[in-house]
Amino acid sequence: MTILATRPTRNRTTRSTAGVDAAAYFDFLYGWGVAPGVDLGALGAYTKVPTRSGCVYRQNFERGIGLGNLGDTAAVITLEQPYLDMDGNVVTSVYLPGHSVRALVNDN
């Protein structure tokens, strides 16, 4: 069974996307994770990823990664392997607007 198949769906209809994005950004800033309600497993390394506009922060997890752009300028990150986004789409690069985060699942 894949991680996305077991992903909780609670509060999806009652929370706005902006509310979920704000909660994810807050969680990322304080090191609590990156995807509220999604278990990505144990936290691994926390690193900086250089981009053309500065850097993006990356949190490795047992079953995925979190990327956080804490700056004002948008960034594009090319991933070392394909991941799944929270909608189940396969991605090999991620566009991150300023002050945003994305959770990606390693669905191997």
Novice: If two hydrophobic side chains count as joined below 4.5 Å and joins carry through other members, does I65 share a cluster with V94?
Specialist: yes
Novice: With side chains defined as the heavy atoms from C-beta onward, is the minimum distance between L67 and Y57 less than 4.5 Å?
Specialist: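 Of all side-chain heavy-atom pairs linking Y57 with L67, none is under 4.5 Å.
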Novice: If you define the side chain from C-beta out and look only at heavy atoms, does anything of L79 sit under 4.5 Å from V91?
Specialist: yes
Novice: Tell me whether E62 contacts the main-chain N or O of G41 through its side chain, where contact means a donor paired with an acceptor under 3.5 Å.
Specialist: no
Novice: Does either side chain, that of H99 or that of N69, offer a donor lying less than 3.5 Å from an acceptor on the other one?
Specialist: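 No, no side-chain donor-acceptor pair sits under 3.5 Å.
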Novice: Heavy-atom distance under 4.5 Å between the side chains of P50 and K48, does that happen here?
Specialist: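 SC-SC contact between P50 and K48 ruled out.
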Novice: To the nearest 0.5 Å, what is the distance between CG on D72 and OG on S53?
Specialist: 10.5 Å
Novice: For residues D39 and R63, determine if any side-chain heavy atom of one lies less than 4.5 Å from a side-chain heavy atom of the other.
Specialist: yes
Novice: Would you kindly confirm whether Y83 and L96 end up in one hydrophobic cluster when ILVMFWY residues are joined by side chain heavy atoms under 4.5 Å apart?
Specialist: yes
Novice: I need the N106 CG to Q81 CD distance, nearest 0.5 Å.
Specialist: 4.5 Å
Novice: Under a single-linkage definition using a 4.5 Å side-chain heavy-atom cutoff for Ile, Leu, Val, Met, Phe, Trp and Tyr, are Y46 and V101 assigned to the same hydrophobic cluster?
Specialist: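 Linked, Y46 and V101 end up in one cluster.
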Novice: Please tell me whether L40 and L43 are part of a single hydrophobic cluster in this structure, the criterion being side-chain heavy atoms less than 4.5 Å apart.
Specialist: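 Yes, L40 connects to L43 through the hydrophobic network.
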Novice: Of all the heavy-atom pairs spanning Y95 and A74, show the shortest one and how long it is.
Specialist: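 Shortest heavy-atom separation between Y95 and A74 comes out as OH-CB, 3.3 Å.
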Novice: Which heavy atom of P97 sits nearest a heavy atom of R102, and at what distance?
Specialist: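 Closest pair (atom of P97, atom of R102, distance): CD-NH2, 3.9 Å.
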Novice: In a check of side-chain contact (heavy atoms from CB on, under 4.5 Å) between T51 and each of T73, V76, I77, T78, which one passes?
Specialist: I77
Novice: Is there a side-chain contact between L84 and N89 (heavy atoms, below 4.5 Å)?
Specialist: no
